[in-house]
Amino acid sequence: MSTDTLHPLAAEYLNRLRRAGRGLPRGRLKELIAEIEGHLSEAISPESSDAEALTVLDRLGEPEEIIEAEQPQAVAPRDRRGTHEWAAIVLLLFGGFFFGFGWLVGVILLWSSRAWTTSDKWIGTLIIPGGLATLLIALLPLGSSETCTGGPPGAPERCTGGPSTGHDILSIVIIAILVLAPIFTAVYLARRAE
Amino acid sequence: MVAVRDTAISQLRRGVLEFCVLALLLDTERYGFELVRALADADGLVTTEGTLYPLLGRLRREGVVETTWRESPSGPPRRYYRLTPAGRAALGAFVVEWTRFRATVDALLETGAPR
């Protein structure tokens with residue numbers, strides 16, 4: 001059954017349940033999701049009001065409670081955003097400034113945490129390797145490519161090799177990506193580990 | 001003291017819940033939602049309906065109930081639960097114990113002394 005036929009609040013609840021149950025064996029989680037999905041589609045129609053949907057969800061209880069009842073030691077919250085996860089996020093963002101070493105530690109912390117899915121971990125690793133420090137490496141060639149020579153007295157200084165307007169726009173876009181992408185990734189990882 | 005009482009009651013509730021599931025399946029098979037709503041509608045037995053599904057899964061793994069998927073007239077297929085012979089035996093044994101236990105506790109509560 002597709003979640004398209006569920007009330008939006010029910011679909012969101014199922015997603016929370018999936019996230020909370022990441023520590024469960026795959027088969028058990030699949031079975032539990034199927035049961036709860038059946039319950040939601042019996043109790044809430046896509047046309048139900050939000051208030052009706054919320055009443056049904058209240059009766060069901062928090063997703064974490066259900067996972068805990070399934071297998072107490074499998075509850076994902078215990079491995080959610082703690083010191084380990086914050087350290088991973090901060091090091092992925094700023095760790096590159098410590099000769100790249102800090103970023104590598106961030107990657108190790110990212111992959112060793114159970115707070116994120118594998119695809120989250122790939123996003124954290126690949127966007128962008130080195131974090132904000134990569135911006136510095138990218139800026140070095142821009143600053144050194146321009147050479148200026150003084151002309152005759154009164155004439156303007158002539159520069160060669162400097163960036164053209166096209167280059168300027170491209171540089172701004174690249175800089176914006178190098179600044180914003182790691183920040184977006186950090187925010188994304190923080191939210192996913194909630 | 002109130003907290004201690006709450007814990008005792010919730011442990012008691014947890015202990016008897018699986019036999020209430022088996023009792024609901026004694027004469028008829030039921031699908032998950034139907035079972036869960038029947039238990040939730042019984043006064044004071046269940047606080048969160050969602051936690052009953054893990055219990056149903058456990059009973060199935062323990063072999064006291066078995067399940068079959070059937071098409072539903074509306075919506076997704078339903079998983080129907082029914083008692084196995086092991087489940088029927090477990091329920092029978094519990095009913096004997098429970099009847100004795102209940103009589104003893106009732107007698108103590110009413111008279112302040114065992115019969």
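Because the structure is a prediction, the values reported are computed rather than measured. Numbers restart at 1 for each chain; the letters A, B, ... are given by sequence-line order, proteins then strands.
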(message) Ignoring hydrogens, what is the shortest heavy-atom contact between Thr48(B) and Gly61(A)? Give both atom names and the distance.
(response)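 Heavy atoms of Thr48(B) and Gly61(A) come nearest at CG2-CA, 3.8 Å.
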(request) Give every residue pair that meets the salt bridge (charged side-chain N to carboxylate O under 4.0 Å, His left out) criterion with at least one member in residues 8-19 of chain B, sequence neighbours excluded. (result) Glu18(B)-Arg58(B)
(message) Sort by residue number and list every residue of residues 51-60 of chain A having at least one heavy atom under 4.5 Å from chain B.
(response)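 When heavy atoms of chain B are the reference, residues 51-60 of chain A contributes Val56(A), Arg59(A), Leu60(A) within the under-4.5 Å range.
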In this structure, would [X] and [Y] fall into the same cluster of hydrophobic residues linked by side-chain contacts under 4.5 Å?
X	Y	result
Trp116(A)	Trp86(A)	yes
Leu104(A)	Leu135(A)	yes
Val95(B)	Leu25(B)	yes
Ile89(A)	Ile183(A)	yes
Leu45(B)	Val36(B)	yes

Distance from [X] atom [atom1] to [Y] atom [atom2], nearest 0.5 Å?
X	Y	atom1	atom2	value
Leu52(B)	Ile66(A)	CG	CD1	9.5 Å
Phe33(B)	Leu40(A)	CZ	CG	9.5 Å
Tyr31(B)	Glu35(A)	OH	CD	12.0 Å

(request) May I ask you to test the Glu42(A)-Arg37(B) pair for a side-chain heavy-atom distance under 4.5 Å? (result)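 Not in contact.
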(message) So, using side-chain hydrogen bond (donor to acceptor under 3.5 Å, both in side chains) as the criterion, who are the partners of Thr117(A) when residues are at least two apart?
(response) Ser119(A), Asp120(A)
(message) Please determine whether the number of non-hydrogen atoms from other residues, nucleotides or ligands lying under 6.0 Å from atom CH2 of Trp122(A) exceeds 12.
(response) no
(request) Identify which part of Val46(B) has an atom lying under 4.5 Å from any heavy atom of chain A, answering side chain, backbone, both or neither. (result)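 For Val46(B), neither part sits under 4.5 Å from chain A.
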(message) Within residues 59-67 of chain B, which residues come under 4.5 Å of chain A, heavy atom to heavy atom?
(response) Arg60(B), Arg61(B)
